[in-house]
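Encoded as structure tokens, the structure appears first; notes follow it.
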Amino acid sequence: MGARRYEPKEIEAYWQKYWDEISLFKMDPDSLRPKFYCLMMFPYPSGTLHVGHGRNYTLGDVLARYKMMRGFNVLTPMGFDAFGLPAENAAIKGGMHPKTSTYANIVTFKRQLGRYGIGYDWGREVISCAPEYYKWTQWIFIRLFEKGLAVRKKAPVNWCTGCQTVLANEQVVDDKCERCDSKVIQKELEQWFWRITEYAEPLLKDLETLDRWPDKVRTMQRNWIGKSEGAQIDFGVDGDDAKIRVFTTRPDTLFGVTFMLLAPEYPGLEKLIADRAEATAVRRFADQVKNQIGTERASEGAIKEGVFTGRHAIHPMTGEKIPIWVANYVLMEYGTGAVMGVPAHDVRDFAFATKYKLPIRVVIAKPGETPSAHPTEAFTEDGVQVNSREFDGVPNRESYGKIVAALEKKGVGKPTIHYRLRDWLISRQRYWGAPIPMIRCEKDGIVPVPDKDLPVLLPDSVEFKPTGESPLARLDSFVNTTCPKCGGPARRETDTMDTFVDSSWYFLRYLSPKDPTKPFDSRIVNKWMPVDQYIGGVEHAILHLLYSRFVTKVLADLKLVSFREPFAALFTQGMITKGGEKMSKSRGNTVSPDETIDQWGADALRLYTLFLGPPEKDAEWDDRAISGPFRFLVKAWDLVHDTVDKIVKEDPKGLATATYSKEARALRQKTHATIRDVTDDVEKSFHFNTAISKLMVLVNDARAFADASGFAEPGDRLAMRECLEALTRLLAPFAPHLAEECFKTLGHAQSVFRDRWPEADATLVKADEQEIVVQVNGKTRTTVTVPAGLDPDALVARANAAAAEWLAGKTIVKTIVVPGRLVNFVVK
RNA sequence: GCCAGAGUGGCGGAAUUGGCAGACGCGCGGGUUUCAAAAACCCGUGGGCGAAAGCUCGUGGGGGUUCGAUUCCCCCCUCUGGCACCA
């Protein structure tokens, strides 16, 4: 029986304190070792952690500890995305001031992370709501303003009726607020935007360089940016000097245009209809459509409706008169708000034309076929031009460019690219965020706060009930100021910034968290960035990751950093579910790490979290199943403590020259195969679940060996010692407390994390014997155990003998030999 | 609708380049121990047939390629995620 029982409570606090004392997680700025920047998405400090949150930090901690053992100078910082609505909403409901509750929650989070045995370089902690941090968020805002990338403009914006503030496009899901699920409506407001659209092309193109990001995330970003190539074409208006510019991806269908469509919000609409008999009807229709929201209007299922404006456009190539309609399915947000209607080759236009009995003209046909004069559906495939004058007979892929060239020559069109991406609306009419550092002066207009006056402090005492206007606007002492240019009376901007601004650069601040003179030190940042491994939830696939990439590119263009992508590798972990649902306080299905640690210990919790399944996938939490990993820890502990006295005196130098029994050789083989497998699982795929299962197998095998051996032979003692030395190191990133304790038991004086990860000996990984599958007609009948590397003829002979029962009376037509694997006899 | 990803025992999940399907763990059944229970340990555990040896079916469904398919190809079904009147 074990000399000492495994008691997690007795060892975990000790080692946590010890790691702190030796500054295990402190990055060494002067080290010559290769750097490894291991970053986990910093959390919003809500009430308390649950084990679902814990998965993210556990993964990062395992990686950080592993990389330490591989000889890297590891940077693993942590901080808090501390501005945000939940704290403010709680305060409104009568809770504490957001600042008080946020800092209290941070204390809780840090304590919980500590109990997990998760270590960080806490000396680098950043808290986004601290003035020392948001000073630099404001500083970055001003740099963007100076570059013309932070602009105030009037636009239709998303307004969350629950949060009483505007939202970015990315924060609206199915017409609802991503955060609170309230209805989101459109409002025409003047707001601050960051012009991320200026970077649409590099944001798209550089995705190609991110080969260590999940394809899924790259695809999502690509779709979100939504590039489409086409042409802009100008149509004249009959009896008016107006021009209608359309964007189309199908200039090859130009000769099939039989009507024009305008969005109800089209700016030139009123001028076009003012003197027309149809004006009243058009206005009524447009107003009605404008009042529809989101999916009601803009979804494929929605009914296509429109009205004739009484006006005609002039076809740029044929001079034909084309009726102009207003239609609900034309969106002002995309393209120019005007579309050319080609019913023969666009399903939407076809539906519209059918409904309003508009002409349908086929201009692309399948080669060799005469198109129907009355098509029953839109033909959207490739073909050759017909009814297209000089382009007839040309395949549409070729005519595409030729038609654009012809338009260009006439000065009425040119190739164009459109993106779906919208500018990033960063204003928020709420309190708990970084104030936008701008001043409005009647004389000088919008003026940035001078750098020397930063930060613009967020005042503590404010009545912050949401009214649709920023709470700061009601605080005269905040609003009233003087113009930095003319010294006259001026008013401060009272909106605060979207919290995604705070999180779009925090990974840079970790590198000089206390620097009072600048947001980050370019020299240090250029050395440490990009992040070597970023770990976080897939819910940030677009929002945070796109914004961070954008800000990085802007900083690169400002010559403040020398890299254009912040995260070289990204890992997105899956959710942990309970009862098939996401863990959340409101569902009441959260599992507390504190209680789990009280019952099973931090190492068991970590191990079970990792053992649930591959970390990129969602996983279902089963309270009972943690007993498996716990029992494994007990077995590993007992194995070390039961055998240490018997093996400890052996000199490891004898390892290479000793003689080994068959069993001892098998143990050595298992040890080295496990080193190889666990290393591969960690290194290649983060598949810690299989790594742990292999360690379980090793412990089971080693236990059987220990029970059978009296350790009288030096070979047995050496093989066992080798196994335990490897086991404790391999286990260390996963179960660090237990590993440290066992490492000490084995006689080591320093931390296992200051030791080296074991190396597999390739010659020992190979087993002495192999079990070969013997098949007859592809069906497994038996197996034979043969010496490794037996020549094929001898192998077939052995297999033949073993399968005699199934081969009797048959003729062997063919024999398939896969060395080291199987022999298959094909018989008749 | 379009684009990804997935579908394997009662459950979570394993399976190099196609080569013993179900590793490892939970649960379950039986046993040891105990006055008893818990814990621990040992044995068993995909379905069907069989006393057993063994046979047979089996990785969402249907076809195909192959000596051999969870793996490759075609068609279909279901689920998850993303996009969705994007011109």
Side-chain angles (χ1 to χ4, degrees), chain A residues 1 173-174 214-224 226-228 230-231 233 246-251 253 261 263 295 297-304 327-331 333-342 345-349 351-352 418-421 538-539 541-542 574 577 607-608 611-614 616-632 634-635 638 677 680 687 689-700 771-783 805 812-818 820-827:
Chain A
M1 272 293 103
V173 180
D174 291 334
D215 286 339
K216 182 183 166 171
V217 174
R218 291 197 292 170
T219 304
M220 283 168 72
Q221 293 217 353
R222 204 172 290 124
N223 290 341
W224 190 261
K227 179 180 184 174
S228 49
I233 303 173
V246 301
F247 172 71
T248 179
T249 53
R250 294 294 307 274
T253 65
L261 297 170
T295 42
R297 170 174 165 196
S299 70
E300 267 175 283
I303 303 159
K304 290 162 185 50
N328 64 344
Y329 69 95
V330 179
L331 309 173
E333 306 92 84
Y334 188 81
T336 59
V339 177
M340 60 185 213
V342 186
H345 304 292
D346 180 286
V347 286
R348 294 156 303 171
D349 296 344
F352 191 77
H418 264 279
Y419 299 92
R420 206 189 73 108
L421 184 69
V538 74
E539 65 273 18
I542 296 174
T577 59
L607 216 57
Y608 179 53
F611 190 63
L612 278 174
E616 70 276 13
K617 291 214 246 165
D618 289 352
E620 172 71 13
W621 185 272
D622 177 353
D623 285 321
R624 294 172 305 186
I626 191 174
S627 59
F630 177 78
R631 279 199 274 259
F632 160 68
V634 173
K635 283 187 207 170
D638 287 349
D677 291 349
D680 283 355
H687 283 191
N689 55 328
T690 52
I692 291 166
S693 93
K694 280 156 196 160
L695 290 170
M696 288 173 167
V697 173
L698 180 64
V699 167
N700 289 342
E771 201 182 26
I772 305 294
V773 173
V774 182
Q775 296 184 333
V776 177
N777 285 344
K779 281 191 179 148
T780 302
R781 291 304 177 184
T782 185
T783 60
E805 187 186 334
I812 297 173
V813 210
K814 197 174 170 187
T815 304
I816 289 137
V817 181
V818 182
R821 279 263 173 213
L822 65 62
V823 177
N824 183 16
F825 297 106
V826 185
V827 300

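We name chains A, B, ... by the order of the sequence lines, and we start the count at 1 in each one. The structure presented is a predicted model; accordingly, all values stated were derived computationally and were not measured.
- Candidate nucleotides B:rC67, B:rC86, B:rC24 were compared by shortest atom distance to the side chain of A:Asn824, and B:rC67 ranks first.
- Spacing between atom CD of A:Glu539 and atom P of B:rU80 amounts to 18 Å, rounded to whole angstrom units.
- Nucleotides B:rU59 and B:rG47 are separated by 15 Å at their P atoms, to the nearest Å.
- Remark: A:Asp638 does not engage A:Lys635 in a salt bridge, criterion side-chain N to carboxylate O under 4.0 Å.
- For the P atoms, the distance linking B:rC49 with B:rG44 amounts to 22 Å, nearest Å.
- No contact: A:Trp621 has no heavy atom under 4.0 Å from any strand.
- Here, B:rG30 and B:rA39 have their P atoms 15 Å apart, quoted to the whole Å.
- Regarding the sugar-base torsion, B:rG9 falls in the syn class, its angle being within 90° of 0.
- Using a 4.5 Å heavy-atom threshold, the side chains of A:Leu261 and A:Tyr329 count as touching.
- Separation of the P atoms belonging to B:rA6 and B:rC57 is 29 Å when rounded to the nearest angstrom.
- Rounded to a whole angstrom, the distance from the C1' atom of B:rA87 to that of B:rU17 is 47 Å.
- Protein atom CD1 of A:Ile816 is 9 Å distant from nucleotide atom C1' of B:rU66, rounded to whole Å.
- Using a 4.5 Å heavy-atom threshold, the side chains of A:Lys216 and A:Gln221 count as separate.
- Within the 4.5 Å cutoff, no side-chain heavy atoms of A:Trp621 are placed close to those of A:Thr577.
- For the pair A:Ile812 CD1 and B:rG68 P, the computed distance is 16 Å after rounding to whole Å.
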Protein-to-nucleotide contact annotation, 5' to 3' order, nucleotides 2-18 of chain B [B base; S sugar-phosphate only; - none; under 4.0 Å, heavy atom]: ----------BSS-B--
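- If you take CD of A:Gln221 and C1' of B:rC83, they are 14 Å apart, rounded to a whole angstrom.
- Along RNA chain B, the nucleotide closest to A:Thr783 and the one closest to A:Val339 are compared, and the more 5′ of them pairs with A:Thr783.
- Nearest heavy-atom pair, A:Ile772 versus A:Leu822, reported as atom, atom and distance to 0.1 Å: CG2-CA, 3.6 Å.
- Listed by first residue number, the stems of RNA chain B with at least three Watson-Crick or G-U pairs below 3.5 Å are B:1-7 with B:77-83, B:10-12 with B:24-26, B:27-32 with B:40-45, B:46-49 with B:54-57, B:60-64 with B:72-76.
- Going from atom CG of A:Asn689 over to atom CG of A:Leu607 covers 11.0 Å, rounded to the nearest 0.5 Å.
- Side-chain contact between A:Phe611 and A:Phe632: absent, with no pair of heavy atoms (C-beta onward) separated by less than 4.5 Å.
- Taking atom C1' on both nucleotides, B:rG18 is separated from B:rU66 by 9 Å, rounded to a whole Å.
- In this entry the distance linking CD of A:Glu771 with P of B:rC20 reads 11 Å, nearest Å.
- Applying the side chain to side chain donor-acceptor pair (under 3.5 Å) criterion to A:Thr219, with sequence neighbours excluded, gives no partner residue.
- A:His418 has its NE2 atom 14 Å from the P atom of B:rC86, to the nearest Å.
- For the 3.5 Å distance criterion, the side chains of A:Asp622 and A:Tyr608 fail to qualify, holding no donor opposite an acceptor.
- Between the CZ atom of A:Arg250 and the C1' atom of B:rC86 there is a distance of 15 Å, rounded to whole Å.
- Every residue two or more places apart in sequence or in another chain that forms a side-chain contact (heavy atoms from CB on, under 4.5 Å) with A:Arg631 is listed here: A:Ser627.
- Taking atom P in both B:rG27 and B:rC79, the straight-line distance is 32 Å, to the nearest Å.
- With C1' as the reference atom, B:rG81 and B:rC11 are 24 Å apart, rounded to whole Å.
- Between A:Asp349 and A:Met340 the shortest heavy-atom distance is OD2-O, 3.6 Å.
- OP1 or OP2 of B:rC67 sits under 4.0 Å from a side-chain N or O of A:Lys814.
- Atom NZ in A:Lys227 sits about 13 Å away from atom P in B:rA87, given to the nearest Å.
- Distance from the side chain of A:Val330 is smallest for B:rA87 among the nucleotides B:rA87, B:rC24, B:rC20.
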Letter per nucleotide, 5' to 3', of nucleotides 37-59 of chain B [B base touched, S only sugar-phosphate touched, - untouched; heavy atoms, 4.0 Å]: ---SS-------------SS---
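- For B:rG25, the OP1/OP2 oxygens have a side-chain nitrogen or oxygen of A:Asn700 closer than 4.0 Å.
- Scored by the salt bridge (charged side-chain N to carboxylate O under 4.0 Å, His left out) test, A:Asp618 finds no partners at all (sequence neighbours excluded).
- Under the 4.5 Å side-chain criterion, counting only non-hydrogen atoms from C-beta, A:Val827 is in contact with A:Val776.
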